[in-house]
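Okay, structure first, notes after.
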Amino acid sequence: MASVLLGIEGVTVAGAEEGPDGRLEVWAWVSCPVPCPKCGTFSGKVHEYVTTQPRDVRYGSREIKLYLGKRRLVCGNGDCPRGTFTEWVPQVPPRCKITRRLLGHCGDEVAGRGITPAESARHNGVSWPSAHGAFAAKADAVLGEELAPVAHLGVDEHRRGRARWRRDEETGEYTLLADRWHTCFYDLSGIQGMLGQVEGRTADDAAYWLAGATPAWRDAVQVVAIDMCTIYQSAVQKMLPGARIAVDLFHVVQLAVKTVADVRRRAIRELYGRRGKAGDPEYGIKHLLEKNLENLSGGQFGKVVETLDATGPGQHIALAWIGKEKLRHALNLRARVTGSVPCERQVRDRLFAFYDWCAQNEQVTELTTLARTISRWEDEIITAVLTGVTSARCESLNRIAKLEARHAYGFRNPGNQRRRVRTACTRGTRRKTSWPPSTVSRTVTMRQRAPG
Ligand SMILES: [Zn+2]
């Protein structure tokens, strides 16, 4: 019964007792016959008895101190060059001091629960290389699989570590020593999470990863979502000529909101000769200007209009604010807001109204700059409105990637970072793929019950 409870195949428990340190001491021996590894002959001639202490998983919350007795046997085959050999079981292969199930547990903890190898090693009483090796073996098997086709691809970047600067002793100027980035590729239409990661954030870095994919996979990509970043635009145009590019609309609106804030700061400086502070009416409505027009209450809208009407420089803020809302008016044609897919003509008309507004009010130079940027990205914006593809999932997975680096207190090894981040960003995928078996069995049970 004790052997069944211990659950190591080929091992029989001889006794168990509580040790002086409170740990459960289990005495066991290898009970299945093992042939000579060289010639395959079974032998019963004992050379000596040895006791090993392989580390094993906990028994409930208690640590186990396992004493495993083995026999060193003399090979009976006279022609065999091997003199003696020691017994072993699959859970503890020759020369191993950790049971396979403990290593498997360490790997599962890091890959599945998202704790660090250091934490897993500490809890399970193994070294960091052992825990990390177990995790790497588990992760590489999954990450090495070929990618499924992706209809909507996301490309984004995040910083690796922090930027390093050096101060020049004589001039006092700072020079940038290292500023490392990771470019990441995401599956926006499926459940594959993060597809891959390369170091650097140049067009060549992104193109390098795309070049590694199969031509069939590249052809399957229909839309690529990016930030307003010309680097990734050129990489995608070069490597995925068949795919359309969509810029993330959040970043477009963010740019418009930033423009309004720039105009507000300039207007306040012109009016008071200093930066804004609490008590200034224009400063008081700064958060209202950031909100969407439809989300303002009647009172809030009245407050904004009253404040901007009162002063001359306030007019500029009002013009920029209206410009922002005109741009949003075009973006609001997307199916997520209206419930139906718009036609391209409609979007272009509304964008034209926005350009027209900016041209009529060219005294607000910030509006002209905004209109120029928007017109440069017009096709990509229209693709985003028509297809509804956003890079929201890129941002959410980026957050996980950064969290992983924080959990690890930074990474020294870029390869380890890539593996850990990719594992963390595909965890949802693996959880979903492990679901079907249990769902199937549940359906069967319900069907059986139905007739009764
Ligand atoms: Zn032999």
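Order of appearance sets the numbers: ligands from 1, and atoms from 1 within every ligand.
Applying the ring pair (Phe, Tyr, Trp, His ring centres under 6.0 Å) rule to pairs touching residues 125-157 yields W128-H132, sequence neighbours excluded. For residues 51-85, the set of pairs meeting the ring pair (Phe, Tyr, Trp, His ring centres under 6.0 Å) definition, not counting sequence neighbours, comprises W27-Y67.
The local environment of CZ in F352 is sparse, with at most 12 non-hydrogen atoms from other residues, nucleotides or ligands closer than 6.0 Å.
By the side-chain contact (heavy atoms from CB on, under 4.5 Å) test, L255 pairs with M228, L370, T373, sequence neighbours left out.
Side chains of T423 and R419 form a contact here, defined as non-hydrogen atoms less than 4.5 Å apart.
Listed by chain and number, the protein N, O or S atoms at a distance under 2.8 Å from the Zn ion (ligand 1) are C36 SG, C39 SG, C75 SG, C80 SG.
A side-chain donor-acceptor contact under 3.5 Å links T202 and D205.
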